[in-house]
Amino acid sequence: MFVPLTFFDAIYDYEDAEYVIFGAPFDGTSSFRTGSRRAPDKMREVAINFETYSPKYDLDMTDILVHDAGNSFVSVNVDETLQWVYEDAKQIVDDGKFPIMIGGEHSMTYAPVKACYDACPEKDDFAVLVLDAHFDLRDEFRGLKNNHACVSRHIIDDITKKYVSIGIRSGPREEWEFAKEKGIKFFTADDVYETGIKEVIKEAMEYLNSSHIYLSLDMDVLDPSYCPGLGTPEPFGLTDREVREALRAFAPKTIGFDVVEITPEYDNGISALLATKLMREFIFAREASKRN
Ligand code: MN
Ligand code: MN
């Protein structure tokens, strides 16, 4: 029996699929540790660990129409790569399917967000929720507009002001001031710790007031004790259960999803596993809400 390098339970053809997973193996602007280009294939490799059945939702992954399209073509140039990833994501949404991108670094998120926005029938309702330790609100970083430290800024400037981030705990003074001046809605990791993830979810949900949410999971929102294999790990983060709770709550209102910034080289064996598990929990939660 051969085991292909694909999510083993993403067994449906593209034509039949409702969810299309694809990798964006690019880490060219990573500021600290590179290596997230290896995350998509590492996550495919570790996915074999998980049973296909979800007792929580009484659903089997093999009954959900999921296809693994492989990886987008990338180059050394971030702008060129973003254009190619955009075209791939746009194809998926134009075909009426739900895109799930696996980074790669967070800069890649701009492409599927733009694709989902361009295809969104209710543009005024389009919103973006980011789980991240970092603001990513710089206009440019190290001479690059599309550096991974800038992705949220460009989403807010170019695509939508309906934006919330959860888990923030790192950034230069200018980013904290910029966020406050511009009235950007964010919840720090300490907010989550002090008021509880359920309350933060409720407030974020009310603020976004949208049923066309793109959800971006920068894995460094997690505490490095849960997820050490990261490009820019930041202590005092969210727990695995808090992140799962947020994914489960928002999944029913989403039109696109990504998981980014896993860096297998620095993993001790749990980070890619957790990223894969969270992606699956997201799919189960969204699918369960549709069937009820
Ligand atoms: Mn980020
Ligand atoms: Mn981050």
Side-chain angles (χ1 to χ4, degrees), residues 24-37 39-40 78 81-82 85 101-114 128-142 144-160 163-172 174-176 178-179 184-192 204 214-240 242-243 246-247 256-267 271-272 274-275 278-279:
F26 178 88
D27 60 14
T29 82
S30 289
S31 42
F32 184 46
R33 300 163 166 176
T34 58
S36 63
R37 76 182 73 179
V78 64
T81 300
L82 277 172
V85 174
M101 185 186 77
I102 299 173
E105 56 173 50
H106 211 174
S107 58
M108 295 294 100
T109 292
Y110 188 86
V113 167
K114 179 82 163 61
V128 174
L129 174 69
V130 175
L131 306 182
D132 201 331
H134 308 95
F135 277 118
D136 294 346
L137 284 174
R138 288 171 160 107
D139 187 38
E140 61 155 56
F141 193 55
R142 296 186 180 156
L144 280 179
K145 180 175 185 282
N146 284 312
N147 189 286
H148 73 150
C150 311
V151 63
S152 286
R153 174 69 173 270
H154 301 319
I155 288 169
I156 292 167
D157 280 355
D158 305 349
I159 300 175
T160 181
Y163 170 94
V164 169
S165 57
I166 297 174
I168 303 299
R169 57 193 183 276
S170 171
E174 298 77 53
E175 273 192 318
W176 291 89
F178 179 84
I184 292 166
K185 187 74 172 168
F186 66 92
F187 298 89
T188 66
D190 282 348
D191 290 336
V192 174
Y214 185 97
L215 204 174
S216 179
L217 171 59
D218 181 333
M219 286 294 289
D220 65 35
V221 71
L222 285 138
D223 191 90
S225 61
Y226 294 95
C227 187
L230 294 165
T232 46
E234 187 67 39
F236 301 108
L238 272 60
T239 68
D240 51 356
E242 286 166 342
V243 172
L247 296 186
F257 176 65
D258 67 55
V259 48
V260 299
E261 294 282 345
I262 285 290
T263 307
E265 198 181 330
Y266 298 91
D267 198 358
S271 312
L274 179 57
L278 288 171
M279 179 182 75

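Both counts, for ligands and for their atoms, begin at 1 and track the order of listing. Residue numbers run from 1 in the order of the sequence given.
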Q.
To check your reading of the site, what angle at the Mn ion (ligand 1) do OD2 of D132 and ND1 of H106 form, to 10°?
A. 90°
(Q) Please identify which of these residues, T109, V113, V151, meets the side-chain contact (heavy atoms from CB on, under 4.5 Å) condition with S216. (A) T109
Q | Pairwise distance OG1(T232) to NE2(H148) - rounded to 0.5 angstrom | A | 5.5 Å
Q | Short N/O/S contact of D220 with the Mn ion (ligand 2) (below 2.8 Å) | A | yes
Q. Which single N/O/S atom of D136 lies at minimum distance from the Mn ion (ligand 1)?
A. OD2
**Q.** Distance, nearest 0.5 Å, that separates OG1 of T29 from NE2 of H106
**A.** 11.0 Å
Q.
For the backbone of E242 and the side chain of T239, can you confirm whether one donor and one acceptor N or O come within less than 3.5 Å of each other?
A. yes
**Q.** Check: Y110 and I159 side chains under 4.5 Å, non-hydrogen atoms
**A.** yes
(Q) Suppose we only allow N, O or S atoms; which atom of H134 ends up nearest to the Mn ion (ligand 2)? (A) ND1
Q: For the Mn ion (ligand 1), find the closest N/O/S atom on D218 and give its atom name.
A: OD2
